[in-house]
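Below is one structure, written out as structure tokens, with a few remarks after it.
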Protein chains: 2
Amino acid sequence: MPTLKPASSPGCGDCRARPVCLARDLGPRELARLDAIIQARRTVKRGESLYRANDPFDNIYAVHVGSFKTLIAHGDGVEQVTGFHLSGEPLGLDGICTERHNCTAIALEDSTVCIIPFPLLESLCREVSAMQHQVHRMMSGEIVRGSRLMMVLAAMSAERRLAVFLVNLSERLKVRGYSPAELSLRMSREEMGSLLGMKLETVSRMFSKFQQQRLINVQGKQVQILDFGGLSRIERGCTSLPIAAATG
Amino acid sequence: MPTLKPASSPGCGDCRARPVCLARDLGPRELARLDAIIQARRTVKRGESLYRANDPFDNIYAVHVGSFKTLIAHGDGVEQVTGFHLSGEPLGLDGICTERHNCTAIALEDSTVCIIPFPLLESLCREVSAMQHQVHRMMSGEIVRGSRLMMVLAAMSAERRLAVFLVNLSERLKVRGYSPAELSLRMSREEMGSLLGMKLETVSRMFSKFQQQRLINVQGKQVQILDFGGLSRIERGCTSLPIAAATG
DNA sequence: CGCCTAATTGATAGGTATCAACGCTTGTGG
DNA sequence: CCACAAGCGTTGATACCTATCAATTAGGCG
């Protein structure tokens, strides 16, 4: 059962995620208009769904606190992860075209989202061009995100895919004010593998390989990046050499 | 050098692609407003680019006649195909978020596109809610297209990927009033392979395999679908059996 | 008609999946 | 506080799929 907070909960002005969210670049007047249509937040516990594929589409969401995975069901029972979503990132945009959600969104940890009723957002966009442009940018950004991932999946080895994933996650954490070197992975090896098109055993092997090369330090879900340059080189396709003798 | 046609060229009302284009579901008054901002069409010869990655973003486009591929450059010189686009389908939406085009669009045959100046479209969307919603649906549709392809790339074998590709292309041709069984491929094996994450030799082998199984008939770029059910079964993951003895 | 590119087919190598076993972490209850 | 169970993660051996390299054939354009 979702928890609804009254509209009196703190608005976008106070939000830590604002610089990376829909509210980015809005002036105070426009921000107030946006705040007015975001009437509630919702809490989603770890493992629970925010919405499921084929649910009627009414709202889009912005992750406020926590993180989510999105899944597409896949003929039989197999679930394909299509993305991990951090604070400030939008959820539900894929539901606009069919009036039903096309994927399922599940919280990776106890999380809250801002509920944005889509018809109200459309009204606001007709009145406030800055808001309109921001929505367009957000949707365009999702399209670009998709084609990047497409490229990664179509053209890169498992090693490169994982390097891309780690560097990308690191950058997204950095923008949010977290350390780019200390990753606290909220998802399992299997979920990572699903997104990246490989099996969980392969994910694990690549982690071990990177650790042997002193690129990262892996401690289960805690990953420490030791060598950004090295990871970037792998990301760009420079094949890693065998490990040189380590200094003491 | 692009050819520009005057605004007097036939508008969306007469367009064969209208049912699958931005103009879908618009009333006559709204259609006239859209026609008014589409001031020109542009001809792009086979192999030429409509726009290139990093070009300043001013317009989106709708394919009027012909077809395009979109590419992302890939670190070094490698080009990754991210989509094939038929009449009525949008081009350039990925440029909104950065004010620059994120990919390169190249005509697969002599083609024409409708030029839609994006600032004018945004203005129109603020006035005409049906137009606004249509734009949102179109962008959402692109997001869904991306995540579907992502799923195909992440989870399917080469055989299934090609089956998905053929069935998808067939459906898109059918909607446009062409025979769903007679595919005239405008792209090379290599370009198909790039989109689908496999090498051109593998594409070729899969074509031969499908032909042996009497699912399709391949004659270079002319492909005839003989057994939609069989292709769909492969698409859904039912492993194809060895060929039964053929009649006569 | 001939050149050049695209496509097909074969042989082999390499990367990742699969199957299997073990170890670690986490949470629960005595 | 410790014992135990269950799930997650790691590692190894092997098989399979697809890439790679190579040779040949077909097709398209000047």
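Within every chain, numbering begins at 1; the chains are lettered A, B, ... in the order of the sequence lines, protein sequences first and strands thereafter.
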Original post:
Please give, in whole Å, the distance from dT26(C) C1' to Gln222(A) CD?
Top reply: 14 Å
Subject >> Protein-nucleotide distance (Met187(B), atom CE; dA6(C), atom P), rounded to Å >> reply: 15 Å
**OP:** Measure the distance from NZ on Lys221(B) to P on dT8(C) and round it to the nearest whole Å.
**Re:** 9 Å
Original post:
Between Tyr51(A) and Tyr61(A), how do the two ring planes meet: parallel, tilted or perpendicular, split at 30° and 60°?
Top reply: parallel
Original post:
Rounded to the nearest 0.5 Å, what separation is found between the CG atom of Leu71(B) and the OG atom of Ser49(B)?
Top reply: 10.0 Å
**OP:** Mark up nucleotides 15-30 of chain D, 5' to 3', with B wherever a protein heavy atom is under 4.0 angstrom from a base atom, S wherever such an atom reaches only the sugar-phosphate, and - elsewhere.
**Re:** ---SSBB---------
**OP:** Figure out the CG/P separation between Leu200(B) and dT9(C), and round it to whole Å.
**Re:** 13 Å
Original post:
Is any side-chain N or O of Ser208(A) closer than 4.0 Å to OP1 or OP2 of dT11(D)?
Top reply: yes
Original post:
When the C1' atoms of the five terminal pairs at each end define the local axes, what inter-axis angle does the helix from dC1(C)-dG30(D) to dG30(C)-dC1(D) show, to 10 degrees?
Top reply: 50°
Subject >> Integer-rounded Å distance: dT8(C) C1' and Ile216(B) CD1 >> reply: 14 Å
Original post:
Who passes salt bridge (Lys or Arg N to Asp or Glu O under 4.0 Å) against Arg172(B), sequence neighbours left out?
Top reply: Glu89(B)
**OP:** Round to the nearest Å and state the distance from Phe210(A) atom CZ to dT11(D) atom C1'.
**Re:** 17 Å
Original post:
Does atom CZ of Phe228(A) have more than 12 heavy-atom neighbours from other groups under 6.0 Å away?
Top reply: yes
**OP:** Please report, rounded to the nearest Å, how far the C1' atom of dT9(C) is from the CD atom of Gln212(B).
**Re:** 11 Å
Subject >> salt bridge (Lys or Arg N to Asp or Glu O under 4.0 Å) partners for Arg18(B), two or more places apart >> reply: none
Original post:
So which one's nearest nucleotide on DNA chain C is more toward 5', Val203(A) or Arg189(B)?
Top reply: Arg189(B)
**OP:** Not counting sequence neighbours, which residues clear salt bridge (Lys or Arg N to Asp or Glu O under 4.0 Å) with Glu142(B)? List them please.
**Re:** Arg145(B)
Subject >> Partner set under side-chain contact (heavy atoms from CB on, under 4.5 Å) for Asp110(B), not counting sequence neighbours >> reply: Lys45(B), Arg46(B)
Original post:
Glu190(A) has an atom CD; how far is it from atom C1' of dT18(C), in whole Å?
Top reply: 14 Å
**OP:** Would you indicate whether the side-chain heavy atoms of Leu215(B) and Ile234(B) approach each other to under 4.5 Å?
**Re:** yes
Subject >> Glu109(B) CD: over 12 foreign heavy atoms closer than 6.0 Å >> reply: yes
